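Throughout, residue positions are numbered sequentially from 1 according to the sequence presented. Values in this document were obtained by computation on a predicted structure and should not be read as measured data.
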Amino acid sequence: MPQRIVFPEKGVVALESFTLPELGPGDIQVRTLYSLMSIGTETTILHEKYAPGTHFDRMFSFPQLKTGMQAVGIVESAGGGVDEFRIGDTIFMRMAHGSHQVQPSSRCSPVPDGIDRRSACWAGLAKTAFRAAWAARFAPGLHILVIGAGPVGQMTVRWAAAAGVDTIAVADLSETRLQHAKRGGATSTLVGDVGNHLQQICDIDGGKGPSVVVDTTGNPQALGHALAAAAKFGKVILLGDTGFPERQCLTSNLMTKSLTIQATHDSHDRDGWDQRRIDRLFYRWVKSGRIDLSGLITHEFAPRECVQAYATADEKRDLAIGILFDWSRT
C-alpha cells in the first residue's frame with residue numbers, strides 16, 4: 001500500500017499508509033524513487049516557527065499531509081489524453097514525500113538520460129533560487145553576496161557561477177556549508193555574521209561593494225546585515241521566506257544608499273519562466289557540467305527512518321545540505 005511522511009501534530013513526524021486517488025484525464029501515476037527534503041521550509045512547518053496571520057499560518061495546519069516538494073519517480077500508468085510521457089519514463093515532480101503520486105502530467109518534467117536520479121531532485125530548490133537569478137539578472141560583470149549557504153543558498157551560488165557572475169561571495173556560520181559553496185563556484189567565503197565582515201565585503205568590486213545581496217536564510221535579522229552590505233544604489237533580494245516578517249527591520253542604509261529591496265518567491269512565474277522551462281535549463285546545465293551538484297546529497301534515509309531524518313535536519317544544520325529519502329528502501 002502507498003506510504004507517505006506526515007506531520008500529525010506540531011513536532012511529530014510519522015510514516016503512514018494512504019489511498020491513492022483515481023487517475024483522471026491528463027493524470028499520471030508515479031512510483032517515487034527519491035524525494036529531497038527542503039530543510040528550511042519543512043522544519044519551519046514541523047515546528048510551527050511562524051507568527052499568526054502570516055502566509056505560513058494560512059497555508060499550513062496539523063495534521064500536515066504534504067511534507068515535501070521535490071521528488072523523482074517512474075511513470076507507472078497514465079490517464080486519458082496523456083501523450084508526453086510513457087510508462088517507464090523518469091520524471092521530476094513538485095510533490096510531497098510519498099511512495100506513489102497521482103498528479104497532472106503537465107506539472108511534471110522529464111529527467112534526461114545521463115543525470116543522476118538522486119541529484120535530479122535538486123530541480124525543486126533550483127527553481128526557488130532561480131527567482132533570485134532572474135530578479136538580479138545574473139550575468140558576467142555582476143558582483144554579488146549570498147547570505148546563507150543552506151540548500152537554497154547552494155543553488156543560488158550555482159546559478160550565479162553558471163551565469164558567469166564575476167564575484168560570488170558567500171557568508172554562513174558553517175565552514176562545512178561554505179566548502180560546498182566553494183565547490184559550486186563561490187569566489188570567496190565569509191565565516192560568521194555578515195556584520196563582522198563588512199570591510200571585506202566593501203572591498204568587493206574595487207571598493208564599491210556587492211551590487212546585489214541575496215538573503216537566502218529566512219532569518220529576519222539578516223535583512224539589516226544585507227542592507228549594510230549592499231553597495232550604493234544596489235539591490236537586496238529576499239529569497240529566504242521568514243515566518244516572522246514583523247521582525248524584519250529597515251535601517252538608514254536603505255535611504256542613504258538608495259537601495260532597492262525585491263522579494264521573490266518560488267510560486268512567482270514571470271516572463272514565461274515556469275517550472276518546466278527552469279527544469280529544462282537546469283538539467284541542461286547539470287548535464288553539461290556547468291552546474292556541479294556533486295556532494296550536495298549529504299544524508300540518505302529510508303522513509304521508515306523519517307523521525308531520524310528530521311532530527312538530523314534540526315540538530316545537524318551545519319552539516320546537512322541535501323537530506324534524501326530513498327523510496328526503494330521501504
For this session: Decide yes or no for Lys208 and His143: does some side-chain heavy atom of the first lie under 4.5 Å from some side-chain heavy atom of the second?
Result: no

Exercise. Crowded around Arg107 CZ? As in, over 12 foreign heavy atoms under 6.0 Å?
Worked result: no

Problem set entry | side chain to side chain contact (heavy atoms under 4.5 Å, CB included) evaluation trace for Val12 with Phe62 | CA-CA 10 Å; Val12 178; Phe62 298 103; over 6 Å; no

Exercise. Under 3.5 Å, is there a donor-acceptor pair between the side chain of Thr44 and the main chain of Lys49?
Worked result: no

Problem set entry | Minimum heavy-atom distance between Ala132 and Thr264, given as atom pair plus value | N-OG1, 4.3 Å

Exercise. Gln200 versus Val194: any side-chain heavy-atom pair under 4.5 Å?
Worked result: no

Exercise. Quick one: CG on Leu223 to CG on Leu227, what's the gap to the nearest 0.5 Å?
Worked result: 4.5 Å

For this session: Please report the closest heavy-atom contact between Pro2 and Leu20, naming both atoms and the distance.
Result: CG-CG, 3.9 Å

Problem set entry | Distance, nearest 0.5 Å, that separates CG of Asp116 from CD1 of Ile297 | 8.0 Å

Problem set entry | Donor-acceptor contact present, side-chain Thr187 to main-chain Ile168, <3.5 Å | yes

Exercise. Once the angle between the rings of Phe92 and Tyr283 is folded into 0 to 90°, is it parallel (under 30°), tilted (30 to 60°) or perpendicular (over 60°)?
Worked result: perpendicular

Exercise. Please walk me through it: do Thr242 and Gln248 pass side-chain hydrogen bond (donor to acceptor under 3.5 Å, both in side chains)?
Worked result: CA-CA 9 Å; Thr242 182; Gln248 290 178 308; 5.3 Å; no

For this session: Please indicate whether Lys66 has more than 12 foreign heavy atoms, meaning atoms of other residues, nucleotides or ligands, lying under 6.0 Å from its NZ.
Result: no

Exercise. Within 45° of the ring axis of Trp327 and under 6.0 Å from its six-membered ring centre, is that where the NZ or CZ of Arg329 lies?
Worked result: no

Exercise. Does the distance from a Lys or Arg side-chain N to an Asp or Glu carboxylate O, for Arg131 and Asp269, drop under 4.0 Å?
Worked result: yes

For this session: Output the distance between atom CE (Met59) and atom OG1 (Thr54), rounded to the nearest 0.5 Å.
Result: 10.0 Å

Exercise. Can Ser174 and Asp172 be counted as having a side-chain donor-acceptor contact under 3.5 angstrom?
Worked result: no

For this session: I would like to know whether Ser211 and Leu142 meet side chain to side chain contact (heavy atoms under 4.5 Å, CB included); could you show each step before the answer?
Result: CA-CA 7 Å; Ser211 54; Leu142 194 63; 3.4 Å; yes

Exercise. Does Met1 CE have over 12 foreign heavy atoms under 6.0 Å away?
Worked result: yes

Exercise. Just checking, is any N or O donor in the side chain of Gln154 or Arg158 under 3.5 Å from an acceptor N or O on the other one?
Worked result: yes

Exercise. Judged by atom type as modelled, is there a donor-acceptor pair below 3.5 Å linking the side chain of Ser99 to the main-chain atoms of Gln3?
Worked result: yes

Exercise. Quick one: does Arg31's side chain have a donor or acceptor within less than 3.5 Å of a partner on Val75's backbone?
Worked result: no

Problem set entry | Rounded distance (nearest 0.5 Å) linking atom NE2 of His180 with atom CZ of Arg177 | 9.0 Å

For this session: Mind listing the closest non-hydrogen atom pair of Pro151 and Ile39 along with its distance?
Result: CG-CD1, 4.2 Å

For this session: Flag yes if more than 12 heavy atoms outside Lys232 fall under 6.0 Å of its NZ atom; otherwise flag no.
Result: no

Problem set entry | Intermediate values then yes/no, ring pair (Phe, Tyr, Trp, His ring centres under 6.0 Å), Phe7 and Phe60 | CA-CA 11 Å; Phe7 303 154; Phe60 302 106; 9.5 Å; no

For this session: State, yes or no, whether a side-chain contact exists between His55 and Asp241 at a heavy-atom distance under 4.5 Å.
Result: yes

For this session: Drop me the distance from Ile323's CD1 to Thr298's OG1, to the nearest 0.5 angstrom.
Result: 6.0 Å

Exercise. Parallel under 30°, tilted from 30 to 60°, perpendicular over 60°: which one fits the rings of Trp273 and Phe130?
Worked result: tilted

For this session: Please round to the nearest 0.5 Å and tell me the distance separating atom CE of Met69 and atom OG of Ser35.
Result: 11.5 Å

For this session: Would you please test Val152 and Met155 for side chain to side chain contact (heavy atoms under 4.5 Å, CB included) and show each step?
Result: CA-CA 5 Å; Val152 174; Met155 292 298 101; 5.7 Å; no

For this session: Indicate yes or no: at least one non-hydrogen side-chain atom of Ser38 is less than 4.5 angstrom from one of Gln70.
Result: yes

Seminar exercise, completed: For Ala186 and Val157 the tightest heavy-atom approach is N-CG1, 3.7 Å

For this session: Could you tell me which non-hydrogen atom of Ala71 sits nearest to which non-hydrogen atom of Thr32, and how far apart they are?
Result: CB-CG2, 4.1 Å

For this session: Report yes if the side chains of Asp318 and Leu173 come closer than 4.5 Å at any heavy-atom pair, otherwise no.
Result: no

Exercise. What pairs of residues pass the salt bridge (charged side-chain N to carboxylate O under 4.0 Å, His left out) test when at least one of them lies in residues 11-23, not counting sequence neighbours?
Worked result: Arg4-Glu16

For this session: Could you point out which residue of Ile5, Thr67, Val6 forms a side-chain contact (heavy atoms from CB on, under 4.5 Å) with Cys306?
Result: Ile5

Problem set entry | Chi angles and distances behind the side-chain hydrogen bond (donor to acceptor under 3.5 Å, both in side chains) call for Glu300, Tyr34 | CA-CA 10 Å; Glu300 291 191 32; Tyr34 308 104; over 6 Å; no

Problem set entry | Any donor-acceptor pair under 3.5 Å from Lys127 side chain to Asp266 backbone | yes

Exercise. Taking everything shown except Arg137 itself, do over 12 heavy atoms lie less than 6.0 Å from its CZ?
Worked result: yes

For this session: Identify the heavy atoms of Ala135 and Ile237 that sit nearest to each other, and give their distance.
Result: CB-CD1, 3.9 Å

